[in-house]
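Report on the following structure.
Here, residue 1 is the first one in the sequence, and each next residue gets the next number.
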Amino acid sequence: MSYLERWWRDASEDKRETFTNLVKNGQLEIVGGGWVMNDEANSHYFAIIEQITEGNMWLNDTIGFVPKNSWAIDPFGYSPTMAYLFRRMGFENMLIQRTHYELKKELAWNKNLEYVWRQSWDANETTDIFVHMMPFYSYDIPHTCGPEPAICCQFDFARSHGFSYELCPWGQYPVETNPENVQERALKLLDQYRKKSTLYRTNTLLVPLGDDFRYVTAEEAEAQFRNYQMIFDYINSTPSLNAEAKFGTLDDYFQTLREEADRINYSVPREIGSGQISGFPSLSGDFFTYADRQKDYWSGYYVSRPFFKAVDRVLEQTLRASEMLMAFLLGHCQRPQCEKLPMRYAYKLTAARRNLALFQHHDGVTGTAKDHVVLDYGTRMHTSLQDLQIFMSKAIEVLLGIRQEKYDQTPALFDPEQVRSKYDALPMHRAISARKGTVQSVVLFNPLEQTREEVVMVVVSRPDVSVLDSNWTCVQSQVSPELQHDESNIFTGRHRIHWKASIPAMGLQTYYIANGFAGCEKAKPAKLKFFSKLSSIPCLAPYACSKVEGDTVEIVNRHQVLTFDVKHGLLQKVIHKNGLQNVVVEEIALYSSSGGAYLFLPDGDAQPIIESGGNLVISEGPLMQEVYSYPKTSWEKTPVSHSTRIYNGGNTVQDFLIEKEYHVELLGKDFNDKELIVRYKTDTNNKRIFYSDLNGFQMSRRETYDKIPLQGNYYPMPSLAFMQGSNGQRFSVHSRQALGAASLKEGLLEIMLDRRLVRDDGRGLGQGVMDNRVMNVVFHILMESNISSTSDPVLNPLPLSPSLLSHRVNAQLNYPLHAFIAKKPQEVSAPTHSRSFSPLAAPLPCDLHILSFKVPRPSKYSQQQQQLGDPRLVLMLHRRNWDSSYCKKARSQCTAVADEPVNLFNMFKDLTVLNARATSLNLLHDDTEMLGYTEQFGDVARDGRVIIPPMEIQAYKFELRPHQ
């Protein structure tokens with residue numbers, strides 16, 4: 001729809017009307033109707049829902065059409081998340097194309113290319129959706145009429161002389177159909193159709209007719225139409241051929257097929273079918289990793305352009321947070337006066353949705369676009385990030401009651417704590433100056449549905465400060481130097497302040513950084529230890545410094561002891577407070593390879609690059625302990641440095657995890673045709689089986705096979721990968737951006753961080769990937785033991801679910817706190833406004849996630865009330881599924897889970913919920929029967945009770961009014 005919207009904007013009224021009529025009477029069908037045809041490996045489920053909804057809503061608002069068939073011929077592998085989302089959006093059928101050639105062969109052999117896709121957790125067939133998989137190498141005409149491209153190409157009449165398309169590479173060209181040759185041409189084409197039809201069960205055959213960049217002139221369209229119509233007329237008027245051929249839309253195909261399947265039973269004995277449509281098998285699972293020929297596995301794009309894969313997620317979580325604030329502003333607003341700020345930002349919010357949606361394209365978040373297109377995607381995302389941050393900084397003023405006059409003309413009093421100078425630069429922390437005798441307020445927004453206790457960090461320009469909470473009570477804090485990737489100058493001269501914050505669910509909390517506040521002890525300086533072979537590290541005031549003694553060094557918190565090899569600066573083992581020891585040997589290595597943006601083609605195994613004798617800085621404080629390593633490698637400028645941190649908040653989720661931050665600079669010709677990985681070699685006996693997520697929504701089981709090459713054993717890792725041993729021990733790595741992962745040896749999990757490739761790999765991009773950016777990759781590593789007997793990964797073919805604690809870790813990493821700093825310091829004695837905002841009556845149960853809370857049509861908010869009568873706010877809830885053989889309380893973080901219904905009517909503290917009704921995930925169908933949900937979903941309007949089975953996502957529309 002991003003293209004159709006561009007065309008529509010400039011089209012005349014006549015053109016628009018003609019177009020709408022073609023769609024309305026079924027001559028032209030819009031399939032999918034998303035803003036783009038999204039990637040399915042690197043895209044996160046929030047953004048996928050957003051991009052389909054943006055396209056579907058635009059289409060419905062503009063021409064009153066709602067798609068019911070999806071069309072995804074170009075993504076490189078397919079995720080069952082799409083099948084789930086489409087089913088819950090009211091779609092009926094799907095079409096896909098790029099799946100592994102061996103898999104196509106296997107499915108074709110058993111006539112299973114058309115099947116019903118069912119989710120792995122679904123025992124009741126509520127997620128079933130019908131799928132047509134195309135059978136051949138490509139979606140172009142040589143590969144769609146039948147099995148012989150040399151013949152099919154002769155029926156692509158746009159490849160005739162006179163048009164600018166590539167001629168048939170097989171040497172036989174299209175010829176104009178005429179009464180003399182029509183019989184010979186028709187029989188030749190029909191023979192291809194007959195051969196293709198043997199791969200499917202029914203007598204209804206789909207033959208797509210098109211390609212990239214086609215139908216650009218009327219003459220071209222006419223050439224295809226004229227020739228095919230003559231061939232069809234011949235076939236249809238020759239009864240002995242036993243065939244009927246005609247033009248149609250995708251919906252014509254699926255309707256004809258379903259009518260035939262109703263008449264004739266095509267079921268195979270002992271086959272598990274579906275109540276949705278009889279005669280076809282059901283299938284569960286995903287279609288990664290894709291190979292189109294030989295050993296050409298498309299696992300490179302899981303990592304290509306990783307910098308922008310990270311920006312994608314920052315924009316996503318900033319958009320989600322902004323939508324929430326917009327919903328609260330409008331929900332609390334009863335007068336036109338307070339609508340002004342949200343209304344002025346409505347178009348920027350729409351632009352941000354569209355820029356995020358655009359990047360979900362299968363050449364966007366995949367990293368497979370040309371350099372100048374990457375620049376355009378990047379600039380769009382950057383612009384939207386800036387706009388959203390300005391909106392958020394003004395919105396928090398209104399919610400805290402600072403901005404009484406709700407006009408938007410005055411500049412914001414707060415700045416976002418993170419600053420991005422340009423579209424491809426790393427964010428910087430804004431330093432708080434903290435002059436003597438002043439305090440500077442820091443406002444934290446928690447976009448999650450549970451209260452957050454978390455050790456937080458801001459940067460200050462001087463170390464002698466204290467932290468106060470919103471009641472002006474002193475808070476324990478620590479100060480440590482800010483570090484940077486620079487061998488000769490490891491300190492930036494600025495300092496990091498850590499303290500433990502508590503922020504209400506979906507709410508705001510204020511803290512103060514004070515200098516010279518009587519009776520408050522200053523932030524405690526961390527103790528520093530150095531090991532330096534590269535260059536000497538000077539001691540920095542006010543820290544106490546010492547040299548590291550011995551070959552190993554440890555950092556400790558209440559739950560774990562981490563041991564590092566000093567000479568290499570790498571993690572070696574973890575000892576848990578219950579006495580359990582885990583070997584966790586960290587390794588950083590490079591593949592040499594010959595692939596490109598799409599393909600990973602390694603030449604042998606990755607070689608470790610860290611040599612003995614780098615620089616090490618250990619910071620030890622009461623709240624955060626850190627080992628920073630600037631390692632020695634054989635290059636003058638090392639391509640990677642990294643920090644390992646553990647936290648001591650006391651009773652926080654953070655206390656249980658290990659934070660790894662890798663600073664990556666894969667720049668310059670030294671790293672041409674190199675791919676950088678990190679490996680964790682553990683004592684988990686996982687039998688080379690691991691689990692990785694699909695779109696941040698569900699897990700998939702991955703098993704390493706010797707029969708396929710290394711690159712075929714790499715899988716997408718949008719946000720999580722974990723290994724589980726036979727004793728139930730789990731080793732999980734959470735990520736805040738999409739990357740690729742593998743378990744190539746027992747107990748080993750490797751994750752690729754960046755790749756730099758000189759050559760084009762022949763899949764349509766026409767260039768290598770040489771535009772690497774400086775970037776930081778953050779992982780949260782979690783080690784868990786089970787509390788009751790757990791499933792055996794070797795015997796159980798189904799995916800395992802993360803633990804409740806694992807879900808919490810993932811949520812906090814992917815939906816971080818948003819911090820805002822007052823532009824001006826205030827006098828220590830100055831009176832202040834309300835300092836917190838706590839909108840929920842109570843935190844939500846631990847496994848219930850608010851996927852989004854938003855005003856779908858912000859620019860129409862005030863008109864909508866009068867005109868449409870459609871409720872103006874939407875709440876989308878996702879019930880996470882968790883493995884109950886691990887701690888059920890997420891290590892004391894959880895008091896409730898969603899086994900009990902949640903009441904929508906009293907979810908918000910000062911707001912009344914009115915006119916609630918259930919709706920589809922694209923917000924266009926209020927008839928919940930057609931969506932496959934269980935009955936009670938539709939009953940919310942009566943009693944407000946929300947009952948969600950594990951894994952389900954449900955959407956509700958409603959109105960909000962402030963309590964009178």
Between Arg496 and Glu626 (salt bridge meaning N to carboxylate O under 4.0 Å), is one present in this structure?
yes

Measure up the Trp472 and Tyr512 rings against each other and bin them: parallel (under 30°), tilted (30 to 60°), perpendicular (over 60°).
parallel

Is a side-chain donor-acceptor pair under 3.5 Å present for His642 with Glu661?
no

Please answer whether the main-chain N or O of Phe445 pairs with a side-chain N or O of Arg452 as donor and acceptor at a distance below 3.5 Å.
no

Find the distance between CG (Leu744) and CZ (Phe690) and round it off to the nearest 0.5 Å.
8.5 Å

Stacked cation flag Arg730 on Phe722, 6.0 angstrom / 45 deg:
yes

Run the numbers on Asp551 and Lys567 for salt bridge (Lys or Arg N to Asp or Glu O under 4.0 Å), then give the verdict.
CA-CA 7 Å; Asp551 294 338; Lys567 290 195 175 68; 3.2 Å; yes

Quick one: does any side-chain atom of Asn557 pair with a main-chain N or O of Asn648 as donor and acceptor, under 3.5 Å?
no

Looking at Ala412, is its backbone amide N or carbonyl O close enough to the side chain of Lys823 to form a donor-acceptor pair, meaning the two atoms are under 3.5 Å apart?
yes

We want to know whether Glu665 and His663 form a side-chain donor-acceptor pair, criterion being a heavy-atom distance below 3.5 angstrom.
yes

Does Lys824 come within less than 4.0 Å of Asp415, counting only side-chain N to carboxylate O?
no

Is Gln625 reaching over with its side chain to a backbone N or O of Val556, donor-acceptor style, under 3.5 angstrom?
yes

Can you tell me how far CG of Leu666 sits from CZ of Phe307, rounded to the nearest 0.5 angstrom?
14.5 Å

Any chance you could lay out the side chain to side chain donor-acceptor pair (under 3.5 Å) test for Lys522 and Ser466, step after step, and finish with the verdict?
CA-CA 5 Å; Lys522 299 217 156 112; Ser466 315; over 6 Å; no

Does a side chain donor of either Gln607 or Tyr591 reach within less than 3.5 Å of an acceptor in the other side chain?
no

Any ion pair linking Lys422 and Asp424 (charged N to carboxylate O, less than 4.0 Å)?
yes

Check for a donor-acceptor pair, side chain of Ser643 on one end and backbone N or O of Tyr628 on the other, with a separation under 3.5 Å.
no

Report yes or no: does Gln737 contribute a side-chain atom to a donor-acceptor pair with the main-chain N or O of Phe308 at less than 3.5 Å?
no

Are side-chain N/O atoms of Glu454 and Thr652 paired as donor and acceptor at under 3.5 Å?
no

Aromatic ring centroids of His780 and Phe656 under 6.0 Å?
no

I'd like to know if the side chain of Arg305 reaches the main chain of Gly367, judged simply by a donor and an acceptor atom lying under 3.5 Å from each other, with no hydrogens or angles considered.
yes

Where the side chain of Gln654 meets the backbone of Gly649, is there a donor-acceptor pair that is under 3.5 Å apart?
no

Heavy-atom closest pair, residues Thr563 and Leu571:
O-CD1, 3.6 Å

Is the His485-Tyr630 ring centre distance short of 6.0 angstrom?
yes

The single option from Asn446, Val475, Asp469, Thr451 that satisfies side-chain contact (heavy atoms from CB on, under 4.5 Å) with Ser502 is Thr451

Indicate whether any N or O donor in one side chain lies under 3.5 Å from an N or O acceptor in the other, for Ser546 and Lys529.
no

Separation between NE2 of His734 and CG of Leu813, rounded to the nearest 0.5 Å
8.0 Å

Checking side-chain polar atoms at under 3.5 Å, does His495 have a donor or acceptor matched by the opposite partner on Tyr543?
yes

Side chain to side chain donor-acceptor pair (under 3.5 Å) test vs Asn814 passes for just one of Arg313, Glu316, Gln317, namely Arg313

Is a donor from one side chain sitting under 3.5 angstrom from an acceptor on the other, for Asp754 and Asn772?
yes

Can you tell me how far the NE2 atom of His498 sits from the CG atom of Leu623, to the nearest 0.5 Å?
8.0 Å

Supply the atom-to-atom distance Asn615 CG to Thr638 OG1, rounded to the nearest 0.5 angstrom.
10.5 Å

Show the nearest heavy-atom pair for residues Asp655 and Gly650, with the distance to one decimal.
OD2-N, 2.8 Å

Distance col, row Lys745:NZ vs Ser743:OG, nearest 0.5 angstrom, shows 10.5 Å

For Ser470 and Gln509, test the side chains for any donor-to-acceptor distance below 3.5 angstrom and give the result as yes or no.
yes

Treating Gln572 as the side-chain partner and Phe564 as the backbone partner, does any N or O pair qualify as donor plus acceptor under 3.5 Å?
no

Without hydrogens or angle criteria, can the side chains of Ser441 and Tyr511 be said to hold a donor-acceptor pair below 3.5 Å?
no

Would you call Arg679-Glu586 a salt bridge at under 4.0 Å N-O?
no

Is it true that Arg773 and Asp771 have a side-chain N and a carboxylate O under 4.0 angstrom from each other?
yes

Is it the case that the side chain of Asn515 and the backbone of Val439 share a donor-acceptor pair, with hydrogens and angles ignored and the cut-off at 3.5 Å?
no

Verify the distance criterion only: is there a donor paired with an acceptor across the side chains of Ser592 and Lys674 at less than 3.5 Å?
yes

Would Ser593 and Glu675 satisfy side chain to side chain donor-acceptor pair (under 3.5 Å), going step by step from the backbone distance to the final call?
CA-CA 7 Å; Ser593 66; Glu675 318 208 18; 2.6 Å; yes

Determine whether the side chains of Ser803 and Glu784 contain a donor N or O and an acceptor N or O closer than 3.5 Å.
yes

Distance alone, cut at 3.5 Å: any donor-acceptor contact between the side chains of Asn810 and His807?
no

Hey, mind stepping through Leu570 and Val585 against side chain to side chain contact (heavy atoms under 4.5 Å, CB included) and telling me if it holds?
CA-CA 7 Å; Leu570 296 166; Val585 176; over 6 Å; no

Sidechain N-carboxylate O distance under 4.0 Å for Glu611, Lys632:
yes

Within the 3.5 Å criterion, strictly below it, is a donor on Gln729 or Asn582 matched to an acceptor on the partner's side chain?
yes

